[in-house]
Amino acid sequence: MMNTKIVVYLALGSALAFGACTNNANTKASAPVNDHEDHNHNHDGHEGHEHHTDHNHPVEPTAGSQKQSTVAPKTVDPISNIPPFTFYKVKSGVSFTNADLAKGKKTIFVLFDPGCHHCRDEAAALAKNYTKLKDINLYFVSMNDPALMATFLASFAKELVDKPNVQVLYDRNQDFIQKFHVPSQFPANYVYDVNGKLQSYWEGEKNINEIITLYTK
């Protein structure tokens with residue numbers, strides 16, 4: 001069972017790390033959770049969508065993940081309310097759970113890969129606009145190597161380092177893809193309101209002004 005879980009983790013981690021980082025604005029539009037009738041769940045139709053050769057592989061469920069039945073298919077929308085989870089603060093290694101979320105604030109999870117240049121660009125843009133983001137919870141989550149994650153903000157978003165409402169969290173147990181959502185592109189943003197209800201989400205690149213509006217409205 002442990003070997004199977006490791007295979008699942010590596011397969012999904014590799015697919016996400018190398019297949020999700022997009023390279024133009026033709027990405028999945030933000031999706032209000034109360035209007036999924038018009039939401040296009042087909043991730044294969046990207047006419048006119050340019051990709052780097054290293055970033056053009058959509059995430060597909062592996063045989064192992066199907067057997068385990070613990071990883072949501074990529075066509076399933078994100079969970080509508082923040083579920084119980086356990087991540088780990090990259091700096092200290094201390095566990096961080098849903099009970100630790102600051103109350104009375106919107107919560108944003110950014111699922112990212114430290115090596116994805118679009119993730120780096122988004123983090124840099126957010127850092128430059130930090131004054132507009134002081135009243136939200138902003139969590140960068142990754143299943144990647146914590147050693148790579150540890151320098152992510154310092155390298156690409158210095159203004160976010162040591163901010164009380166910003167954390168970089170290591171998803172050691174794959175809680176995000178098992179409980180929240182399996183995205184097909186990085187960075188993947190999930191915006192939850194003050195009551196922990198999903199407001200919107202999107203995958204891939206988006207204009208920073210749109211991001212800030214969705215984060216704060």
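None of these values were measured; they are calculated from a predicted model.
Linking Ile, Leu, Val, Met, Phe, Trp and Tyr whenever their side-chain heavy atoms come within less than 4.5 Å leaves L101 and V194 in two separate clusters. Note: the hydrophobic cluster containing V161 also contains F152 (ILVMFWY, side chain heavy atoms under 4.5 Å, direct or indirect links).
D77 and Y201 form a side-chain donor-acceptor contact under 3.5 Å, judged by distance and modelled atom types alone. In this structure, a donor-acceptor pair under 3.5 Å is present between the side chains of N144 and D113.
The two residues Q199 and K106 make their nearest non-hydrogen contact at OE1-NZ, 2.7 Å. The shortest heavy-atom contact between A123 and A157 is O-CB, 3.4 Å. Closest of all the heavy-atom pairs between C119 and F186 is SG-CB, 3.7 Å. For the residue pair Y215 and L133, the shortest heavy atom distance occurs at CD2-CD2, 3.9 Å.
Between the side chain of K158 and the main chain of F156, no donor-acceptor pair closer than 3.5 Å is present.
Residue pairs that meet the side-chain hydrogen bond (donor to acceptor under 3.5 Å, both in side chains) test with at least one member in residues 119-128, sequence neighbours left out, are E122-N189.
Among V110, V90, L111, the single residue meeting the side-chain contact (heavy atoms from CB on, under 4.5 Å) criterion with F140 is V110.
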Might you work through the side-chain contact (heavy atoms from CB on, under 4.5 Å) test for I82 and F180, ending with a clear yes or no? CA-CA 8 Å; I82 297 175; F180 285 80; 4.3 Å; yes
Take K89 and L169, measure what side-chain contact (heavy atoms from CB on, under 4.5 Å) needs, and give me the verdict at the end. CA-CA 5 Å; K89 296 180 181 180; L169 302 171; 4.1 Å; yes
side-chain contact (heavy atoms from CB on, under 4.5 Å) for I136 and K105? Distances and angles first, verdict last. CA-CA 5 Å; I136 64 172; K105 293 183 177 182; 5.6 Å; no
Stepwise side-chain contact (heavy atoms from CB on, under 4.5 Å) test for K132 and N129: CA-CA 6 Å; K132 302 174 183 177; N129 289 273; 3.5 Å; yes
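Cation-pi geometry between K163 and Y130 is satisfied (NZ or CZ under 6.0 Å from the ring centre, within 45° of the ring normal).
Classification of D162 and K91 as a salt-bridged pair holds, one side-chain N sitting under 4.0 Å from a carboxylate O. Under the 4.0 Å criterion applied to side-chain N and carboxylate O atoms, D175 and K179 are assigned as salt-bridge partners.
One finds the CG atom of N81 at 11.5 Å from the CG atom of N98 (value rounded to the nearest 0.5 Å). From L160, atom CG reaches atom CG of L153 across 5.5 Å, with rounding to the nearest 0.5 Å. The OG1 atom of T107 sits 14.5 Å away from the NZ atom of K197 when rounded to the nearest 0.5 Å. The distance from the CZ atom of F85 to the CZ atom of F176 is 9.5 Å, given to the nearest 0.5 Å. For the atom pair CG (L138) and CZ (F109), the distance works out to 10.5 Å, reported to the nearest 0.5 Å. T213 contributes atom OG1, which lies 10.0 Å from atom CD1 of I211 (distance to the nearest 0.5 angstrom).
Residues I208 and L126 meet the side-chain proximity criterion, which asks for heavy atoms closer than 4.5 Å. Looking at Y190 and W202, their side chains never come closer than 4.5 Å, going by heavy atoms from C-beta outward. A 4.5 Å side-chain heavy-atom check between P183 and Q185 finds every atom pair outside the cut-off. Considering only heavy atoms from C-beta on, M149 stays 4.5 Å or farther from M143 through its side chain. Side-chain contact between L214 and K206 is present, with at least one heavy-atom pair separated by less than 4.5 Å.
Other residues, nucleotides and ligands contribute more than 12 heavy atoms inside 6.0 Å of the NZ atom of K103. Under a cut-off of 6.0 angstrom, the local environment of CG in D100 is crowded, with over 12 non-hydrogen atoms contributed by other residues, nucleotides or ligands.
In this structure, F96 has its ring center closer than 6.0 angstrom to the ring center of Y139.
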